[in-house]
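For reference, the structure discussed in these notes is given below.
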There are 2 protein chains.
Amino acid sequence: MASDRQVLIMEAAVRVIARSGVRGLRVEQLAAEAGVSTALIYYHFKDRSGLIRRTLDFVSDRAVAYTDEAIARADDARGELEQMLLTELQDTPGVRENSTAWGELRASAVFESDDLRDALARSTRSWVTDVAEAIRAVRPDANAEDAAERLTALVEGLSERWLSGSLALERARELLRGGIAVELDAG
Amino acid sequence: MASDRQVLIMEAAVRVIARSGVRGLRVEQLAAEAGVSTALIYYHFKDRSGLIRRTLDFVSDRAVAYTDEAIARADDARGELEQMLLTELQDTPGVRENSTAWGELRASAVFESDDLRDALARSTRSWVTDVAEAIRAVRPDANAEDAAERLTALVEGLSERWLSGSLALERARELLRGGIAVELDAG
DNA sequence: GTCTATAGGAAGATAGAC
DNA sequence: GTCTATCTTCCTATAGAC
């Protein structure tokens with residue numbers, strides 16, 4: 001249900017959000033980035049919060065795509081799990097953009113409508129479920145749901161620390177690998 | 001360096017930020033909350049961003065105070081560690097306010113000056129160090145630094161999920177308790 | 001130090017032509 | 001579907017009296 005034009009605008013929105021935050025996104029600035037007029041943005045997305053809401057969906061779809069690619073590169077169940085989580089902690093432009101935007105959307109949802117919060121909760125749940133499944137593939141006896149929920153929350157916490165300059169990327173990745181090991185060791 | 005009036009205003013600012021976010025903070029609204037005029041706020045804090053910067057220092061000082069109180073209530077080393085971390089996941093007005101503001105600080109630092117980022121990194125580091133020490137008191141042989149960094153990042157991740165409506169508070173607390181157990185079990 | 005009143009400027013949103 | 005032009009609202013910040 002997203003036209004080419006809409007995709008173009010949402011791609012630009014992710015770039016702007018990654019650069020200035022949801023809070024810093026100005027419709028006029030986005031229009032310039034996308035090479036369209038502000039009126040067109042309102043035409044396609046109704047209003048600013050509609051735009052943000054649609055962009056959130058867009059970002060989480062892209063994250064799913066990244067994750068799928070990452071899984072494809074793994075050659076065993078353990079590697080698949082590591083890939084699923086470590087993918088979010090990578091300094092390639094696309095991933096960094098996506099992670100930054102995701103963190104922003106999460107943070108701004110604290111003050112936004114139930115609509116945005118629900119969408120975010122659904123995306124989160126779906127990610128957790130996928131990770132739980134990957135954990136079961138490695139350790140069928142584990143409490144996979146809890147471990148998955150912790151590991152994904154850990155990824156978000158580490159990612160936010162990385163992006164806010166409190167933690168070096170390589171250190172964040174090392175901590176995450178350790179966290180995976182710890183969860184898989186535990187009953 | 002903070003007069004009574006300034007403290008009054010910053011306390012009100014934390015309440016407003018917890019309710020509307022840093023981006024949602026309106027100077028006029030803050031003036032009403034604090035029971036002063038907008039002009040007085042500019043008189044004391046120069047401008048909006050000066051106010052926010054000072055308020056964020058105020059928040060991290062308060063977080064340290066909460067943690068100290070929590071530690072005092074514990075009766076053994078393990079309880080001390082749990083208190084230090086679980087304190088941040090509590091739905092009392094003061095803590096929720098502080099957690100919300102802290103999350104806002106972290107999220108907005110992604111796009112702010114090095115000054116703010118450095119202050120945040122220092123506060124984070126100091127928290128991690130305290131937690132690492134508490135871990136060593138329970139398990140002297142543990143890799144306390146890594147565990148502390150993961151557990152505090154986990155707290156932030158869970159807290160953000162709670163505040164953004166993706167996770168029930170009691171579930172977040174349960175996951176955190178589990179996380180502490182898992183880290184203490186591991187070598 | 002503190003207030004009232006207001007200047008001045010963004011930024012979201014829309015009207016109307018093409 | 002898309003643009004140019006503009007309206008209106010809202011908000012930061014200051015001037016000036018007390």
Side-chain angles (χ1 to χ4, degrees), chain A residues 1-58 101 104-105 107-113 115-116, chain B residues 1-58 101 104-105 107-113 115-116:
Chain A
M1 282 310 290
S3 69
D4 288 359
R5 250 313 191 260
Q6 289 177 337
V7 169
L8 186 85
I9 293 171
M10 289 189 287
E11 284 170 346
V14 178
R15 288 196 298 276
V16 173
I17 290 173
R19 204 185 309 136
S20 320
V22 168
R23 305 163 177 72
L25 181 148
R26 300 287 161 251
V27 178
E28 198 168 351
Q29 183 193 5
L30 168 59
E33 175 80 26
V36 301
S37 67
T38 64
L40 191 64
I41 292 170
Y42 287 96
Y43 173 79
H44 281 298
F45 299 95
K46 179 166 168 55
D47 60 15
R48 188 179 182 282
S49 71
L51 163 73
I52 303 241
R53 168 56 214 277
R54 293 281 306 281
T55 303
L56 164 64
D57 290 342
F58 183 74
E104 270 293 289
L105 290 161
S108 59
V110 175
F111 312 101
E112 293 294 327
S113 66
D115 186 48
L116 182 64
Chain B
M1 282 298 287
S3 69
D4 288 358
R5 249 314 191 258
Q6 290 177 336
V7 170
L8 184 85
I9 293 170
M10 289 189 288
E11 284 171 345
V14 179
R15 288 195 298 276
V16 174
I17 289 173
R19 207 184 307 135
S20 319
V22 169
R23 175 168 191 268
L25 181 148
R26 299 289 159 247
V27 178
E28 196 167 354
Q29 183 193 5
L30 167 58
E33 176 80 29
V36 301
S37 68
T38 65
L40 191 64
I41 292 170
Y42 287 97
Y43 173 79
H44 281 299
F45 297 93
K46 177 164 169 56
D47 60 15
R48 188 180 182 281
S49 72
L51 162 74
I52 295 198
R53 172 57 214 276
R54 293 277 308 279
T55 302
L56 296 172
D57 289 343
F58 182 75
E104 274 287 290
L105 158 63
S108 56
V110 174
F111 311 101
E112 293 295 326
S113 65
D115 185 48
L116 183 63

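Just so you know, these numbers come straight off a predicted model, no measurement behind them. So that the names make sense, note that chain A is the first sequence line, chain B the second, and so on, each numbered from 1.
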**Report entry** Atom-to-atom span, CG of B:D47 to P of D:dT12 - whole angstrom
**Finding:** 11 Å
Query raised in the report: In whole Å, what is the span from the CG atom of B:D4 to the C1' atom of C:dG1?
Result: 13 Å
Report task. Using whole Å, report how far CD of B:Q6 lies from C1' of C:dG1. Result -> 12 Å
Report task. For A:K46 and for A:R26, find the nucleotide of DNA chain C with the closest heavy atom, then tell me which residue's nucleotide is more 5'. Result -> A:R26
Query raised in the report: In Å and rounded to the nearest 0.5 Å, what is the CG to CZ distance from A:L40 to A:F45?
Result: 8.5 Å
Find every protein N or O atom lying less than 3.5 Å from an N or O atom of nucleotides 3-6 of chain C, and list the pairs.
{"residue": "C:dC3", "atom": "OP2", "partner": "B:S37", "partner atom": "N", "Å": "3.0"}
{"residue": "C:dC3", "atom": "OP2", "partner": "B:S37", "partner atom": "OG", "Å": "2.9"}

Query - Separation between CD of B:E28 and OG of B:S37, rounded to the nearest 0.5 Å - result: 11.0 Å
Report summary line: Rounded to whole Å, CD of B:E28 lies from P of D:dT14 at a distance of 16 Å
Requested in this report: Locate the shortest heavy-atom distance separating A:G50 from A:D47; write the atom from each residue and the value.
Outcome: N-OD1, 2.9 Å
Report task. Could you tell me which residues satisfy side-chain contact (heavy atoms from CB on, under 4.5 Å) with B:F111, sequence neighbours excluded, listed by chain and number? Result -> A:T100, A:E104
Query raised in the report: B:L30 near the nucleic acid: base, sugar-phosphate alone, or nothing, with a heavy-atom cut-off under 4.0 Å?
Result: nothing
Report, one line per pair, each donor and acceptor closer than 3.5 Å where one atom sits in a side chain of residues 5-12 of chain A; sequence neighbours left out.
{"residue": "A:Q6", "atom": "OE1", "partner": "A:S3", "partner atom": "N", "Å": "3.0"}
{"residue": "A:Q6", "atom": "OE1", "partner": "A:R54", "partner atom": "NH2", "Å": "3.4"}

Report summary line: Rounded to whole Å, OH of B:Y42 lies from C1' of D:dT14 at a distance of 10 Å
Report task. Tell me what B:L51 touches on the nucleic acid: a base, only sugar-phosphate, or nothing, going by heavy atoms under 4.0 Å. Result -> nothing
Requested in this report: Measure across A:R48 and A:L25 and return the closest heavy-atom pair with its distance rounded to 0.1 Å.
Outcome: NH2-O, 3.0 Å
Query raised in the report: So how far is it from B:E33 CD to B:I17 CD1, rounded to the nearest 0.5 Å?
Result: 11.5 Å
Query raised in the report: Counting just side-chain N and O atoms, does A:Y43 come under 4.0 Å of either OP1 or OP2 of D:dT2?
Result: no
Requested in this report: Round to a whole Å and report the spacing from CD1 of B:I41 to P of D:dT14.
Outcome: 14 Å
Report summary line: Rounded to whole Å, NE2 of B:H44 lies from P of C:dT2 at a distance of 5 Å
Query - Listed nucleotide nearest any side-chain atom of A:R48, set C:dA13, D:dT12, D:dT2 - result: C:dA13
